[in-house]
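Here is the structure we will look at.
Values below: every heavy atom of this structure, side chains too, minus hydrogens, waters and symmetry copies. Read the numbers this way: they start at 1 and go in the same order the structure lists the ligands and their atoms. Numbers here are sequence positions counted from 1.
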Amino acid sequence: MDQYDVVIIGSGPGGYVCAIRAAQLGFKTALIEKYASLGGTCLNVGCIPSKALLDSSEHYFNAAHNFEEHGISHKDLKVNLEQMIKRKSQVVEQTVSGIDFLMKKNKIDVLQGMGSFVDKNTVKVTGDDAGEKEIKGKYIVIATGSKPNFFPGMEPDKERIITSTEALKLTEVPKKMVVVGGGVIGLELGSVYARLGTEITVLEFMDTIIPTMDRTMGKELQKVLKKEGFKFNFNHKVQKVENTGKGVKITALDKKDQEVSFEADYCLVSVGRKPYTDGLGLDNVGIKTDKQGRVETDDQLRTNVENIFAIGDVVKGAMLAHKASEEGTLVAEIIAGQKPHINYRLIPSVVYTWPEVAGVGYTQEELEKAGREFKTGTFPMRALGRARASGDIYGQVKILADKETDEILGIHMIGARTADLIAEAVVAMEYRASAEDLARMSHAHPTYAEAVKEAAMDATGSRSIHS
Ligand SMILES: Cc1cc2nc3c(=O)[nH]c(=O)nc-3n(C[C@H](O)[C@H](O)[C@H](O)COP(=O)(O)OP(=O)(O)OC[C@H]3O[C@@H](n4cnc5c(N)ncnc54)[C@H](O)[C@@H]3O)c2cc1C
């Protein structure tokens with residue numbers, strides 16, 4: 001039987017990063033993946049394909065609505081959805097083949113098949129063609145990720161009642177789509193189709209979109225998406241989603257508990273994701289899970305079985321690719337006897353709509369709830385020369401800093417390129433910068449990053465120069 005130092009089950013951004021870091025640290029490493037294609041949800045049906053379609057649809061939207069203003073005329077503009085989906089698949093293939101290359105480069109053995117525990121050091125791999133094989137691991141890492149969630153009455157049939165996975169490969173631009181859930185995935189994929197001409201109706205249980213982010217950001221994003229044609233229905237509890245043959249009928253209770261119904265071509269169910277441990281044989285080794293089905297771990301991501309760790313979407317915390325990757329690195333380093341650390345408070349959140357939304361640290365609502373005294377600095381994107389030059393004038397940067405010490409407690413932003421700008425906020429907060437520190441740092445002109453400096457200046461005594 002093949003013996004390894006580290007065996008990792010699941011090849012998403014948690015598992016494959018853990019495998020590479022383990023190999024770098026000199027461990028003999030095996031990576032087990034049930035699908036033929038490595039990279040997990042993120043590369044195959046998540047982050048990468050959704051961003052490919054968001055970029056393609058944004059090009060179309062700009063060509064249709066904004067090119068004239070820049071002096072670019074065109075006629076016969078058309079959407080070729082088949083080509084968009086084909087390009088998305090090519091981007092996925094290239095990205096996945098990059099992971100194959102990295103596995104070979106780092107001499108990681110990849111075993112294709114379903115991994116399941118036999119005992120605490122043995123994993124059985126059951127492949128479609130390869131049959132069954134058992135391997136041994138001194139340490140085993142569970143990185144089996146998540147799958148789309150749904151509630152009773154809205155079970156996806158994957159034809160008309162779809163999840164994000166099907167929304168990434170539709171063969172027609174729907175006339176109407178109902179999106180159940182106003183979270184990140186629903187808004188991103190809703191945006192793709194809204195830009196291509198679909199009428200999007202969002203049904204949300206809460207009273208805001210992106211409820212876990214700073215409320216100002218949700219309100220601002222809602223305004224822009226409304227202009228793009230989104231319709232929002234808050235405090236709506238979906239009861240039933242039915243495939244009517246040519247479309248869908250959705251029944252919900254509105255905020256007065258009155259029954260209301262909606263009709264559309266498709267219903268995208270995007271009410272979060274749930275941890276995936278099916279067929280893993282957790283019971284064979286007595287690994288504990290919590291009420292939500294997440295594998296329980298301590299602060300070193302160790303399960304209740306000492307040599308078995310768990311990372312990524314299958315454990316508690318934000319379901320984000322970069323969080324999974326940080327955890328993959330951490331576990332490999334802990335196995336190597338190092339003392340790594342993750343600052344979970346500083347894992348940034350991003351929504352890749354247009355405008356993009358990004359945030360890190362405490363939200364205003366969290367600070368208010370905790371009774372912490374803070375001051376706020378804001379700066380509108382439209383006051384930037386760079387924003388006017390490109391025409392992307394929408395949004396703002398908001399900085400929350402401790403009232404006494406001036407330490408930055410949270411940075412939230414909405415606008416062009418904020419998905420990239422948030423990295424500056426993470427660096428500043430990792431080094432426990434004050435708003436004054438950021439305000440005094442030179443920011444290249446003209447850039448969107450100047451809004452971060454100006455918001456910091458606003459937080460430190462209303463001395464923003466350009467607003
Ligand atoms: C549409 C969409 C867009 C997203 N966009 C973003 C984004 O922009 N940014 C971001 O940070 N996050 C995004 N996410 C979330 C991100 O994809 C996940 O947080 C991330 O993939 C989690 O990584 P993971 O390694 O924990 O698990 P996964 O990526 O889910 O990988 C788990 C892997 O384990 C395999 N597996 C499961 N069980 C077994 C078994 N028993 N044996 C063998 N293999 C097994 C699965 O096949 C899968 O390949 C998005 C998700 C979706 C659905």
CD (Glu172) with more than 12 external heavy atoms under 6.0 Å:
yes

Looking at Tyr193, does the NZ or CZ of Lys176 lie under 6.0 angstrom from its six-membered ring centre and within 45 degrees of the ring axis?
no

Listed partners of Ala63 passing side chain to side chain contact (heavy atoms under 4.5 Å, CB included), at least two apart:
Phe67, His74, Leu77

Let's go through Lys28 and Asp2 carefully: what are the C-alpha distance in whole Å and the side-chain angles of both, what is the deciding distance for salt bridge (Lys or Arg N to Asp or Glu O under 4.0 Å) to 0.1 Å, and is it a yes or a no?
CA-CA 11 Å; Lys28 189 177 178 210; Asp2 292 335; 5.6 Å; no

Residue by residue, ordered by chain and number, which ones reach under 4.0 Å of ligand 1 with a heavy atom?
Ile9, Gly10, Ser11, Gly12, Pro13, Gly14, Gly15, Ile32, Glu33, Lys34, Tyr35, Gly40, Thr41, Cys42, Val45, Gly46, Cys47, Ser50, Lys51, Gly113, Met114, Gly115, Ala143, Thr144, Gly145, Ser146, Ser164, Ile185, Arg273, Tyr276, Leu280, Gly312, Asp313, Met319, Leu320, Ala321, His322, Ala324, Tyr352

When the side chains of residues 225-237 are checked against the rest of the protein, which donor-acceptor pairs come out under 3.5 Å, sequence neighbours left out?
residue : atom : partner : partner atom : Å
Lys231  : NZ   : Glu199  : OE2          : 3.4
His236  : ND1  : Phe234  : O            : 2.7

Taking side chain to side chain contact (heavy atoms under 4.5 Å, CB included) as the definition, give me every residue that meets it alongside Thr297, ordered by chain and number, with sequence neighbours left out.
Leu301, Thr303, Ala310, Val315, Lys316

